[in-house]
2 protein chains.
Amino acid sequence: MTVSPPLRRHFPDGVFSSDCPSRVVLDHVTSKWGTLVILALAEGDALRWSELRRRAEGVSEKMLAQTLKMLEADGLVHRHARPVVPPHVEYSLTARGAELAERMVPLMDWIADHAPAILGDAQTAATR
Amino acid sequence: MTVSPPLRRHFPDGVFSSDCPSRVVLDHVTSKWGTLVILALAEGDALRWSELRRRAEGVSEKMLAQTLKMLEADGLVHRHARPVVPPHVEYSLTARGAELAERMVPLMDWIADHAPAILGDAQTAATR
DNA sequence: CAGTATCCCATATGATACTG
DNA sequence: CAGTATCATATGGGATACTG
């Protein structure tokens with residue numbers, strides 16, 4: 001069996017391997033709009049297409065569709081279409097998606113907290 | 001002060017705004033190689049350029065340089081160059097970078113654990 | 001060793017128009 | 001409303017060669 005260093009195991013190294021499945025999922029999850037969609041749905045409420053479009057400000061229809069399909073194929077997002085006219089479609093996180101979101105929210109919170117300082121630094125550094 | 005709904009506050013909404021600083025930082029941090037570099041350094045040891053290249057398997061010199069500069073400008077990664085010949089340069093996380101990494105490791109762990117199942121689903125779904 | 005400089009391309013992303 | 005279809009573009013990203 002492969003033994004890992006005690007205090008800094010973290011990753012079985014596969015993560016860093018270019019053909020590791022994690023890479024694919026990582027790319028999906030950290031894709032520009034994937035992150036935003038998951039985070040938007042992490043609030044708990046199901047959201048409609050048009051709500052998601054507004055929520056993830058700047059997303060194009062094409063990218064939203066693409067992102068949603070990807071996340072749905074990954075089993076992270078559930079699409080619920082009610083057969084009415086006009087169409088009413090709701091998106092929500094699956095159980096698996098919710099698990100993932102649990103890990104993404106702290107990250108996003110931290111980023112939101114520190115982003116101003118981080119970008120401020122750059123300006124400061126550039127100016128002096 | 002702004003009052004948020006009790007159980008699902010999460011984001012001051014700014015995160016979803018297209019001109020929010022968080023967007024920029026989010027893009028840096030979740031960039032294809034940014035994530036991998038931060039995770040590699042999260043193990044604790046300072047790494048040299050060549051070690052990082054091997055660690056983030058598949059990264060080109062161009063992208064490694066670009067990613068490193070970006071993370072350095074963000075104050076997440078520290079570059080320590082020892083004035084010897086041949087050059088010896090080490091990269092490590094700053095305190096701020098370590099804080100961020102703390103939030104990224106659980107996410108990556110989860111992804112590493114579930115990636116096979118996630119991608120397996122897609123196959124299963126496609127085949128049946 | 002640790003990069004920088006170039007050239008080049010795939011594709012991620014965007015804008016617009018159209019439809020069940 | 002909730003998409004799909006198309007066309008156009010920017011740029012993320014890669015390969016290669018070169019340098020202090």
Side-chain angles (χ1 to χ4, degrees), chain A residues 16-20 23-41 45-74 77-92, chain B residues 16-20 23-41 45-74 77-92:
Chain A
F16 295 103
S17 165
S18 51
D19 58 338
C20 176
R23 281 281 187 97
V24 180
V25 177
L26 182 64
D27 283 350
H28 289 186
V29 164
T30 63
S31 71
K32 183 167 184 176
W33 303 113
T35 311
L36 253 20
V37 165
I38 293 173
L39 254 12
L41 294 177
D45 300 320
L47 294 179
R48 302 180 61 169
W49 166 275
S50 47
E51 294 174 318
L52 278 171
R53 270 213 77 187
R54 277 192 300 273
R55 209 70 216 286
E57 199 174 294
V59 71
S60 66
E61 300 192 338
K62 178 179 171 182
M63 288 318 297
L64 183 56
Q66 190 172 305
T67 301
L68 249 12
K69 281 185 177 174
M70 180 181 75
L71 296 178
E72 199 190 347
D74 288 345
V77 162
H78 175 69
R79 177 179 186 274
H80 180 64
R82 286 165 42 193
V84 296
V85 37
H88 185 105
V89 181
E90 288 189 339
Y91 293 92
S92 55
Chain B
F16 295 103
S17 166
S18 51
D19 57 340
C20 176
R23 282 283 186 94
V24 180
V25 177
L26 183 64
D27 283 350
H28 289 186
V29 164
T30 62
S31 71
K32 183 166 182 177
W33 303 113
T35 310
L36 252 22
V37 165
I38 292 173
L39 255 11
L41 294 177
D45 300 319
L47 293 179
R48 301 179 62 169
W49 165 276
S50 47
E51 293 175 318
L52 278 170
R53 271 213 75 185
R54 277 192 300 274
R55 207 72 217 285
E57 197 174 297
V59 70
S60 64
E61 301 192 337
K62 176 182 171 180
M63 289 317 298
L64 183 55
Q66 190 173 303
T67 300
L68 249 12
K69 280 184 177 174
M70 179 181 76
L71 296 178
E72 199 190 346
D74 287 346
V77 163
H78 175 69
R79 178 179 185 275
H80 180 65
R82 285 164 44 193
V84 295
V85 37
H88 185 105
V89 181
E90 288 190 340
Y91 293 91
S92 55

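The structure presented is a predicted model; accordingly, all values stated were derived computationally and were not measured. Quick note on labels: first sequence line is chain A, next is B, and so on, each numbered from 1.
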Between D27(B) (CG) and dA10(D) (P), how many Å, whole number?
-> 19 Å
Counting N and O atoms only, with roles assigned by atom type, does the side chain of R53(A) sit under 3.5 Å from a partner on the main chain of V59(A), one being a donor and the other an acceptor?
-> yes
Considering the terminal five base pairs at each end of the helix from dC1(C)-dG20(D) to dG20(C)-dC1(D), what angle separates the two local helix axes, rounded to 10°?
-> 60°
Return the value, rounded to whole Å, for the distance between atom NZ of K69(B) and atom P of dG3(C).
-> 9 Å
Is E57(A) reaching over with its side chain to a backbone N or O of S18(B), donor-acceptor style, under 3.5 angstrom?
-> yes
Write down the distance between CG (L68(A)) and C1' (dC1(D)), rounded to a whole number of angstrom.
-> 14 Å
Would you find a donor on one side and an acceptor on the other, under 3.5 Å apart, between the side chain of S92(A) and the backbone of R79(A)?
-> no
5' precedence on DNA chain D between R48(A) and E61(B) (nearest-nucleotide basis) | R48(A)
Atom CG of L47(A) to atom C1' of dG3(D): distance rounded to whole Å?
-> 17 Å
Could you tell me the separation between the CZ atom of R53(A) and the P atom of dT4(D), rounded to a whole number of Å?
-> 13 Å
Check against side-chain contact (heavy atoms from CB on, under 4.5 Å), L64(B) and W33(B) | CA-CA 7 Å; L64(B) 183 55; W33(B) 303 113; over 6 Å; no
Check every atom of dG3(D), dG3(C), dC1(D) against the side chain of Y91(B) and return the nucleotide holding the closest atom.
-> dG3(C)
At what distance, to the nearest 0.5 angstrom, does CZ of R55(B) lie from OG of S17(A)?
-> 11.0 Å
Give, for atom NE2 of H88(A) and atom CZ of R82(A), the distance between the pair rounded to the nearest 0.5 Å.
-> 4.5 Å
Let me know the distance between NE2 of H28(B) and P of dT11(D), rounded to the nearest Å.
-> 13 Å
If you measure from CZ on R54(B) to CZ on R48(B), what distance do you get to the nearest 0.5 Å?
-> 9.5 Å
Given protein heavy atoms under 4.0 Å, the one-letter contact record of nucleotides 6-13 of chain C, with B base, S sugar-phosphate only and - none, is simply BB-----B
E90(B) atom CD is separated from dC1(C) atom P, nearest whole Å, by 15 Å
Contacting residues from residues 79-86 of chain A, given that a heavy atom lies under 4.0 angstrom of DNA chain D = R79(A), P86(A)
Dump the intermediate steps for side-chain contact (heavy atoms from CB on, under 4.5 Å) on L71(A) and I38(A), then the final yes or no.
-> CA-CA 9 Å; L71(A) 296 178; I38(A) 293 173; 3.9 Å; yes
Atom CG in L36(A), atom CG in L52(A): separation rounded to 0.5 Å?
-> 10.0 Å
Would you say the side chain of V77(B) lies within less than 4.5 Å of the side chain of T67(B), judging by non-hydrogen atoms?
-> no
Can you tell me how far P of dG3(C) sits from CG of L64(B), to the nearest Å?
-> 8 Å
Report yes if some heavy atom in the side chain of W49(A) is under 4.5 Å from a heavy atom in the side chain of V89(A); otherwise report no.
-> no
